[in-house]
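Below: one structure, written as structure tokens.
Note that this is a predicted model, so its numbers are computed, not measured. Counting starts at 1 for both ligands and their atoms, in listed order.
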Amino acid sequence: MRGKFITIEGTEGVGKTTNIEFIQSWLEQKKVGFVCTREPGGTPLAEQIRELLLTPREETVAGIAELLLMFAGRAQHLHHVIEPELTKGAWVLCDRFTDATYAYQGAGRNMGSDLITQLEMLVQNGLKPDLTLILDIPVALGLKRASERSKPDRFEQEQLEFFERVRQGYLSIAAGDPDRCVVIDASKPLNDVRTDICAALDAFWASSEASS
Ligand code: T5A
């Protein structure tokens, strides 16, 4: 049976990396075979593309160049990791996927969604995550958490308004696709965030069992 595809999303510093470990232990308890991966990245070539995208640079990166690099990495990642793993029955847990492109390039960079939808059709051939957890916090809190953890990458150097648009982009994705997306209030203490993530995973598990 084909595996399930779970993604975790949100603006900077919402706690994706922190909570992925928790989701991994939930999958282990369920005795599900899985791989954990990320975007941009996930294969050696796609990780090099990630490096290109995140490195702060003097040269302004054109929005269209940024968008095409995101999808170039995604094509490689889908071909070498995501599709083969799902086909052999493993679950795929991915830190960010195409919702990030709608939120960051579409809403954040004001590129809109039409071109992204065309690239999504070209590259993904209809593949969408089965479950997406969107961790949501006020932008300033996320940026504060991220800045306490590491030096800002190229995206983290953007202005507050950029991240406000990204956050609204995520919330409108969730509103438009409530069967797939669960918004988690990630401003709560970590244990409470984990309780909410666990509830979303348990509900997804129950509905997957019922439909199999
Ligand atoms: N991008 C990506 C696009 O523009 N388009 C795309 O299509 C894609 C796929 C990738 C960048 O690329 C952009 C978006 C991004 O800017 P990234 O590394 O994946 O970069 O994303 P970041 O958001 O930069 O990831 P971070 O590692 O900064 O944030 P996380 O993983 O969300 O946060 P995390 O877990 O490291 O937590 C940050 C700090 O907060 C603490 C943690 O201990 C840590 O110190 N924390 C909490 N503290 C208190 N209470 C809680 N509940 C906490 N949860 C975490």
So which atom in [X] and which in [Y] form the shortest heavy-atom distance, rounded to 0.1 Å?
{"X": "A174", "Y": "I134", "answer": "CB-CD1, 3.9 Å"}
{"X": "A46", "Y": "G73", "answer": "CB-O, 3.7 Å"}
{"X": "E39", "Y": "C94", "answer": "CG-SG, 4.0 Å"}
{"X": "L135", "Y": "V14", "answer": "O-CG1, 3.5 Å"}
{"X": "P56", "Y": "D153", "answer": "CG-C, 4.2 Å"}
{"X": "Y104", "Y": "F155", "answer": "CD2-CD2, 4.2 Å"}

Ligand 1 atoms in contact with [X] (distance to a heavy atom under 4.0 Å):
{"X": "R74", "answer": "7 (O), 9 (C)"}
{"X": "A186", "answer": "52 (N)"}
{"X": "A100", "answer": "5 (N), 6 (C), 7 (O), 8 (C), 9 (C)"}
{"X": "T101", "answer": "6 (C), 7 (O)"}
{"X": "L190", "answer": "52 (N), 54 (N)"}

Residue pairs passing the ring-ring contact (aromatic ring centres under 6.0 Å, His included) test with at least one member in residues 3-28, sequence neighbours excluded, are F5-F97, W26-W205

Ligand 1 N/O within reach of [X] N/O, cut-off under 3.5 Å:
{"X": "N19", "result": "no"}
{"X": "P189", "result": "no"}
{"X": "R96", "result": "yes"}
{"X": "D95", "result": "no"}
{"X": "V14", "result": "yes"}
{"X": "G15", "result": "yes"}
{"X": "E12", "result": "yes"}

Less than 3.5 Å apart, which donor and acceptor atoms pair up between the side chains of residues 27-38 and the rest of the protein, not counting sequence neighbours?
{"from": "T37", "atom 1": "OG1", "to": "H77", "atom 2": "NE2", "distance (Å)": "2.7"}
{"from": "R38", "atom 1": "NE", "to": "E47", "atom 2": "OE2", "distance (Å)": "3.2"}
{"from": "R38", "atom 1": "NH2", "to": "E47", "atom 2": "OE1", "distance (Å)": "2.7"}

How far is [atom] from the closest protein heavy atom, and which atom is that?
{"atom": "atom 43 (O) of ligand 1", "result": "T18 OG1, 4.0 Å"}
{"atom": "atom 4 (O) of ligand 1", "result": "Q105 NE2, 2.9 Å"}
{"atom": "atom 25 (O) of ligand 1", "result": "K16 NZ, 3.2 Å"}
{"atom": "atom 52 (N) of ligand 1", "result": "K188 O, 3.0 Å"}
{"atom": "atom 29 (O) of ligand 1", "result": "G13 N, 3.3 Å"}
{"atom": "atom 1 (N) of ligand 1", "result": "M70 CE, 3.5 Å"}
{"atom": "atom 31 (O) of ligand 1", "result": "T17 OG1, 2.5 Å"}

Any [X] heavy atom less than 4.0 Å from ligand 1:
{"X": "R38", "value": "no"}
{"X": "G10", "value": "no"}
{"X": "I20", "value": "no"}
{"X": "E66", "value": "no"}

Using 4.0 Å as the upper bound for N to carboxylate O, is an ion pair formed by E83 and R2?
yes

Please determine whether a side-chain nitrogen of the Lys or Arg among K88 and E85 lies less than 4.0 Å from a carboxylate oxygen of the Asp or Glu.
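Yes, K88 and E85 are salt-bridged.
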
Is [X] touching ligand 1 with its side chain, its backbone, both, or neither, if touching means heavy atoms under 4.0 Å apart?
{"X": "E148", "answer": "neither"}
{"X": "L54", "answer": "side chain"}
{"X": "P40", "answer": "both"}

Where the side chain of R165 meets the backbone of N110, is there a donor-acceptor pair that is under 3.5 Å apart?
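No, R165 side chain to N110 backbone: no donor-acceptor pair under 3.5 Å.
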
Are any side-chain N or O atoms of R57 and backbone N or O atoms of L52, one a donor and one an acceptor, separated by less than 3.5 Å?
yes

Are [X] and [Y] linked by a side-chain donor-acceptor pair shorter than 3.5 Å?
{"X": "Y102", "Y": "E120", "answer": "yes"}
{"X": "Q124", "Y": "T98", "answer": "yes"}
{"X": "T11", "Y": "R167", "answer": "no"}

On the ring face of F71, is R74 found with NZ or CZ under 6.0 Å from the centre and within 45° of the axis?
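Judged by the rule, R74 and F71 form a cation-pi pair.
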
Nearest non-hydrogen contact with atom 36 (O) of ligand 1 belongs to which option: R149, E9, R109, R154?
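That would be R149.
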
Atom 47 (C) of ligand 1: which of R145, E156, E39, R50 has the nearest heavy atom?
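Looking at heavy atoms only, the winner is R145.
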
